[in-house]
Amino acid sequence: MARDLLGCLFVVAHADGRTVLRLVETEAYRGALDPGSHGYRGPRPRNLSMFGPPGRLYVYLSYGVHFCVNVVCGQEGVSEAVLLRAGEPVAGVEAMRVRRGVVEGNRLVASGPGRLTQALGITREHDGASLLRGGSMWCARDEATERFQEGGISQTKRIGLAVGRGDELTWRFVVAGHPCASRAR
DNA sequence: CAGAAGATCTGC
DNA sequence: CAGATCTTCTGC
């Protein structure tokens, strides 16, 4: 699923227009099977939406400062989710630059999970929001989506974890060489 | 109940 | 490289 989302568009409809990112970096989290997942130790007030039905968002506050957004993928009760780590601006770039605060070009608009939510205006208020029909946010494919996927996808270990980073856990997916991916730390 | 660490980013 | 400062977990 994390891999399938690469190259897809993530659309947020605001009162003053749409902002659209093409996803170029994602990470998979596998709930109870995955020590690196927020769902590993079961439901908590913060992560409850991860245990809800698929097709909704799980938004949490990281380090008390940045929001990060996941797409819930597992069936109800199963806390599987995909963290959206970076995207390339496709529409509404100027609005995203304003939310990010005077950023030039596309490179720093959404190249990291905290930057991505700030660019799209996603906060904890959107925790649990549905991506399925009728909402103000959704995922979509377009003519370019397949080209991005066929152009090459790099697979690496996930970023920033103290656990769940064994050599076999290559659950970070990146559009190969894309300039809007998050920078290696 | 206090302290520490965490799926981060920025500015010094 | 330190700081911001919310949520959860651990140890006493």
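Please read these numbers as outputs of a predicted model, since none were measured by experiment. Each chain gets a letter, A, B and so on, in the order the sequences are listed, and its residues count up from 1.
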Do A/E27 and A/N70 have side chains that get closer than 4.5 Å, going by heavy atoms?
-> no
Of all the base pairs, Watson-Crick or G-U under 3.5 Å, which form stems of three or more consecutive pairs involving DNA chain C?
-> B:1-6 with C:6-11, B:8-11 with C:1-4
Using the rule that two of Ile, Leu, Val, Met, Phe, Trp, Tyr join whenever any of their side-chain heavy atoms come within less than 4.5 Å, decide whether A/V82 and A/W171 are in one cluster.
-> no
A/E25 CD to B/dT8 C1', straight-line distance once rounded to whole Å | 13 Å
Close side-chain approach of A/F10 to A/L131, heavy-atom, < 4.5 Å | yes
A/Q118 side chain to A/R99 side chain, donor-acceptor N/O pair below 3.5 angstrom = no
In A/T26, A/L23, A/I159, A/L116, the residue satisfying side-chain contact (heavy atoms from CB on, under 4.5 Å) with A/R85 is A/I159
Between B/dC9 atom P and A/R100 atom CZ, what is the distance in whole Å?
-> 8 Å
When hydrophobic residues are tied together by side-chain contacts of less than 4.5 Å, even through go-betweens, does A/L120 share a cluster with A/L84?
-> yes
For A/R124, which contact category applies under a 4.0 Å heavy-atom criterion: base, sugar-phosphate, or nothing?
-> nothing
A/V12 with A/M96, same ILVMFWY side-chain cluster at under 4.5 Å | yes
Measure all distances between protein nitrogen or oxygen atoms and nitrogen or oxygen atoms of nucleotides 3-7 of chain B, and list the pairs falling under 3.5 Å.
residue: B/dA7; atom: N7; partner: A/G36; partner atom: O; Å: 3.2
residue: B/dA7; atom: N7; partner: A/H38; partner atom: NE2; Å: 3.1
residue: B/dA7; atom: N6; partner: A/H38; partner atom: N; Å: 3.2
residue: B/dA7; atom: N1; partner: A/N70; partner atom: OD1; Å: 2.7
residue: B/dA7; atom: N1; partner: A/N70; partner atom: ND2; Å: 3.3
residue: B/dA7; atom: N3; partner: A/Y60; partner atom: OH; Å: 3.1

Interatomic distance, A/L48 CG vs C/dT8 P [rounded to whole Å] = 10 Å
Pick one: which of A/D34, A/T170, A/L83 meets side-chain contact (heavy atoms from CB on, under 4.5 Å) with A/R158?
-> A/D34
Scan A/R158 against the nucleic acid and name what it touches under 4.0 Å (heavy atoms): base, sugar-phosphate only, or nothing.
-> nothing
Should A/R41 be listed as having a side-chain N or O under 4.0 Å from OP1 or OP2 of C/dT10?
-> yes
NE2 of A/H178 to CZ of A/F148: how many Å apart, nearest 0.5 Å?
-> 4.5 Å
Atom CD of A/Q118 to atom C1' of C/dA4: distance rounded to whole Å?
-> 14 Å
To the nearest angstrom, the OH-P distance between A/Y40 and C/dT8 comes to 18 Å
